[in-house]
Amino acid sequence: MHVLQQPVLVLSRSYLPVDRVTVKEAVCLIARGKAEAVEMGDGKTWLVRSIRKVYEVPAQICLTAAGVERIWKVPPVNRKELFARDANLCQYCGSKRSLTIDHVLPRSRGGQHIWENVVTACEPCNTRKGDRTPEEVGMVLKAKLKPPVHPAVAFAEQLWKS
Ligand SMILES: [Zn+2]
């Protein structure tokens with residue numbers, strides 16, 4: 001792999017990983033004063049020569065600007081993020097068609113419109129379930145009923161997995 005294509009981890013000012021760029025993009029960020037080198041761990045660096053300057057690019061850079069992690073709140077329940085959480089699949093039968101929002105504990109029985117009580121369900125499953133809980137109908141729920149996480153946390157989880 002060419003040196004300019006090597007991966008560089010981008011950290012926010014509070015050292016949360018927020019992105020991964022190439023050495024070439026990292027040089028641009030450093031040259032424009034948007035990021036600076038971070039010395040950590042193995043101290044691996046790449047030397048990149050431009051016409052006038054030699055840039056030493058380490059495996060991690062840190063953004064100089066604040067505001068990358070603005071105060072982030074769990075968003076209210078919405079179709080887009082719910083379907084994304086549940087991978088656009090009915091969480092009872094795995095169907096991709098006629099997706100709706102199902103309240104695990106039905107609203108008619110006091111179920112709330114919150115992340116911990118909603119799942120993606122296809123229309124047939126939603127109709128079959130009706131005003132009952134999955135247990136009462138003998139349906140198995142696949143989803144983990146969690147709110148969405150901060151984008152930086154989601155990025156970090158992906159990163160540590162790869
Ligand atoms: Zn279904």
Side-chain angles (χ1 to χ4, degrees), residues 1-2 4-26 28-29 34-35 38 40-42 44 57-162:
M1 210 196 310
H2 192 273
L4 290 178
Q5 297 306 318
Q6 295 288 337
V8 173
L9 181 62
V10 182
L11 305 171
S12 72
R13 279 226 302 214
S14 34
Y15 295 97
L16 265 175
V18 289
D19 204 352
R20 198 160 10 192
V21 297
T22 62
V23 166
K24 191 178 166 193
E25 291 163 321
C28 292
L29 289 169
K34 301 225 180 245
V38 180
M40 311 202 302
D42 57 10
K44 186 167 64 177
V57 182
Q60 297 90 15
I61 59 172
C62 170
L63 295 174
T64 48
V68 176
E69 317 131 8
R70 280 182 299 271
I71 296 162
W72 188 85
K73 285 194 217 140
V74 173
V77 171
N78 64 81
R79 287 175 77 88
K80 191 169 161 258
E81 296 214 38
L82 176 65
F83 288 6
R85 184 196 74 181
D86 295 349
N88 291 299
L89 296 172
C90 170
Q91 294 302 304
Y92 296 107
C93 75
S95 170
K96 293 177 183 172
R97 289 205 253 166
S98 314
L99 297 179
T100 61
I101 297 178
D102 174 54
H103 293 87
V104 179
L105 176 65
R107 299 201 84 171
S108 60
R109 292 166 56 177
Q112 285 183 283
H113 192 59
I114 53 170
W115 288 107
E116 291 78 5
N117 192 46
V118 290
V119 289
T120 306
C122 71
E123 219 172 305
C125 285
N126 208 338
T127 306
R128 184 177 151 215
K129 184 169 164 282
D131 279 343
R132 292 169 295 179
T133 65
E135 296 77 39
E136 288 168 356
V137 201
M139 291 165 91
V140 180
L141 184 60
K142 296 180 184 124
K144 293 200 179 89
L145 303 173
K146 293 189 300 188
V149 294
H150 187 292
V153 175
F155 176 80
E157 281 176 355
Q158 274 310 110
L159 186 76
W160 307 138
K161 257 188 246 162
S162 63

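Indexing begins at 1, ligand by ligand and atom by atom, following the structure's order. Only a predicted model underlies this, so the values are computations on that prediction, with no experimental measurement involved.
Inter-residue side-chain proximity for E25 and V57 is flagged as unmet; no heavy-atom pair is nearer than 4.5 Å. Contact check for R132 versus P106: no side-chain heavy atoms found under the 4.5 Å cut-off.
Screening V140, V118, V104, V119 against Q91 for a side chain to side chain contact (heavy atoms under 4.5 Å, CB included) leaves a single residue, V119.
Annotation for K142: atom NZ counts as buried by contact number, over 12 foreign heavy atoms lying within 6.0 Å. Applying the 6.0 Å contact sphere to CZ of R109 captures more than 12 heavy atoms from other residues, nucleotides or ligands.
For T133, the side chain to side chain donor-acceptor pair (under 3.5 Å) partners are E135, not counting sequence neighbours.
With a cut-off of 2.8 Å, the protein N/O/S atoms near the Zn ion (ligand 1) add up to 4.
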